[in-house]
2 protein chains.
Amino acid sequence: MENRLKELRAERGWSQADLAERLDVSRQTVNALERGKYDPSLPLAFRIARVFGRPIEAIFTPGQEDET
Amino acid sequence: MENRLKELRAERGWSQADLAERLDVSRQTVNALERGKYDPSLPLAFRIARVFGRPIEAIFTPGQEDET
DNA sequence: GCAAAATGTCAAGCAAGCTTGACATGCTCG
DNA sequence: CGAGCATGTCAAGCTTGCTTGACATTTTGC
């Protein structure tokens with residue numbers, strides 16, 4: 001699963017810690033998500049979508065794994 | 001998190017097992033999702049959205065938990 | 001060049017998502 | 001009635017998502 005977290009965060013001039021606070025998760029979680037270590041839960045994906053004012057589909061895109 | 005799984009599945013006349021097969025998960029998982037036992041992972045949410053031809057936001061809606 | 005802030009990373013542990021297998025119940029329809 | 005399908009449910013077990021705490025490395029800016 002690919003995502004535009006880093007890009008969207010940068011646009012807003014937020015640190016990973018800033019974003020983590022807005023999402024109510026740990027800084028390490030934001031870091032792991034940006035680096036593609038794992039995917040967020042659906043509830044967290046909704047919070048991310050809300051923070052950035054975009055639909056989930058505009059932030060996350062299923063990669064090779066889910067394409068068929 | 002609320003969802004319209006049961007409704008959308010019924011519209012198509014599919015059994016839980018049918019849907020499970022299309023989503024590549026177990027029948028018990030579909031049953032648990034419909035009954036709100038837990039939320040799907042984000043990758044599974046994407047597959048569900050694709051199977052029903054609707055955006056994730058049109059199928060799942062964060063409840064009280066995520067509203068503030 | 002130095003200090004502080006930001007980012008990356010690791011480990012251990014708990015919680016959530018999903019699996020298989022089994023069994024109970026209910027529904028439909030020959 | 002009886003067979004078969006659909007649904008609900010439980011338990012045990014594995015994997016993934018997320019946490020805290022600690023420490024190393026990179027970036028920023030004075």
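Keep in mind that this is a model prediction, so the values were computed, not measured. In the text below, chain A, chain B and the rest are named by the order of the sequence lines, each starting its count at 1. Just the heavy atoms: all of them, side chains too, but no hydrogens, waters or symmetry mates, feed the values below.
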Student: Regarding dG21(D), can its base be found pairing with the side chain of Arg27(A) as donor and acceptor, where the two atoms are less than 3.5 Å apart?
Tutor: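 By the distance-only test, no, there is no pair.
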
Student: Between the side chain of Glu2(B) and the main-chain N/O of Phe60(B), is any donor-acceptor distance below 3.5 Å?
Tutor: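 The answer is no, because no donor-acceptor pair under 3.5 Å joins these two groups.
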
Student: Could you tell me whether the side chain of Gln28(A) has a donor or acceptor atom within less than 3.5 Å of a complementary atom in the base of dG21(D)?
Tutor: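 Side chain to base: pair found, below 3.5 Å.
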
Student: Within this structure, what is the OH-to-C1' distance between Tyr38(A) and dG8(C), rounded to whole angstrom?
Tutor: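 Whole-Å distance recorded here is 13 Å.
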
Student: Please state how far atom CZ in Arg47(A) lies from atom C1' in dC18(D), giving the value in whole angstrom units.
Tutor: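 Arg47(A) atom CZ is separated from dC18(D) atom C1' by 10 Å.
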
Student: Are there over 12 heavy-atom neighbours, none belonging to Glu21(B), within less than 6.0 Å of that residue's CD?
Tutor: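 Atom CD in Glu21(B) is not packed in, count stays at 12 or less.
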
Student: Rounded to whole angstrom units, what separation is found between the CG atom of Leu33(A) and the P atom of dT16(D)?
Tutor: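 Nearest whole value for this atom pair: 15 Å.
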
Student: Would one find a side-chain N or O of Ser26(B) under 4.0 angstrom from OP1 or OP2 of dT19(C)?
Tutor: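 Yes, because at least one side-chain N or O of Ser26(B) sits under 4.0 Å from OP1 or OP2 of dT19(C).
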
Student: Atom NZ of Lys6(A) and atom P of dT27(D): how far apart are they, to the nearest Å?
Tutor: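 Taking NZ of Lys6(A) and P of dT27(D), I get 10 Å after rounding.
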
Student: Sub-3.5 Å donor-acceptor pair from the side chain of Arg54(A) to the main-chain atoms of Phe52(A), do we have one?
Tutor: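 Side chain of Arg54(A) to backbone of Phe52(A): a pair is present.
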
Student: Pairs of donor and acceptor atoms involving the side chains of residues 27-36 of chain B, under 3.5 Å and at least two apart or interchain, shall be tabulated with distances.
Tutor:
residue: Thr29(B); atom: OG1; partner: Ser26(B); partner atom: OG; Å: 3.0
residue: Asn31(B); atom: OD1; partner: Gln16(B); partner atom: NE2; Å: 3.2
residue: Glu34(B); atom: OE1; partner: Arg9(B); partner atom: NH2; Å: 3.2
residue: Glu34(B); atom: OE1; partner: Gln16(B); partner atom: NE2; Å: 3.1
residue: Glu34(B); atom: OE2; partner: Arg9(B); partner atom: NE; Å: 2.4
residue: Glu34(B); atom: OE2; partner: Arg9(B); partner atom: NH2; Å: 3.3

Student: Write down the distance between CZ (Arg35(A)) and C1' (dG17(D)), rounded to a whole number of angstrom.
Tutor: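 It works out to 17 Å between those atoms.
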
Student: Which listed nucleotide (dC10(C), dA6(D), dT19(C)) is nearest to the side chain of Ser15(B)?
Tutor: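 The listed nucleotide nearest to Ser15(B)'s side chain is dA6(D).
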
Student: How close or far is atom C1' of dG8(C) from atom CG of Leu5(A), stated in whole angstroms?
Tutor: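 Roughly 16 Å, once rounded to whole Å.
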
Student: Out of dC18(D), dT9(C), dC18(C), which nucleotide sits closest to the side chain of Ser41(A)?
Tutor: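 Of all the options, the side chain of Ser41(A) is nearest to dC18(D).
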
Student: Please check if atom CG in Asp24(A) has more than 12 non-hydrogen atoms from other residues, nucleotides or ligands closer than 6.0 Å.
Tutor: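 No, the 6.0 Å shell around CG holds no more than 12 heavy atoms from other groups.
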
Student: Would you say Thr29(A) places a side-chain N or O within less than 4.0 Å of OP1 or OP2 belonging to dT19(D)?
Tutor: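 The answer is yes; a side-chain N or O of Thr29(A) sits under 4.0 Å from OP1 or OP2.
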
Student: Can you tell me the distance, in whole Å, between the CZ atom of Phe60(A) and the P atom of dG17(D)?
Tutor: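 Answer to the nearest Å: 11 Å.
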
Student: Does a nitrogen or oxygen in the side chain of Asn31(A) sit under 4.0 Å from OP1 or OP2 of dG8(C)?
Tutor: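 Yes, because at least one side-chain N or O of Asn31(A) sits under 4.0 Å from OP1 or OP2 of dG8(C).
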
Student: On the nucleotide dG8(D), are OP1 or OP2 found under 4.0 Å from the side-chain N or O atoms that Gln16(B) carries?
Tutor: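 Looking at the OP1 and OP2 atoms of dG8(D), one of them is under 4.0 Å from a side-chain N or O of Gln16(B).
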
Student: Got a donor-acceptor pair under 3.5 Å from the side chain of Glu34(B) to the base of dG8(D)?
Tutor: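 No, no donor-acceptor pair under 3.5 Å.
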
Student: Given atom CG of Leu19(B) and atom P of dA6(D), what is their separation to the nearest angstrom?
Tutor: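 So the CG-P distance, Leu19(B) to dA6(D), works out to 13 Å.
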
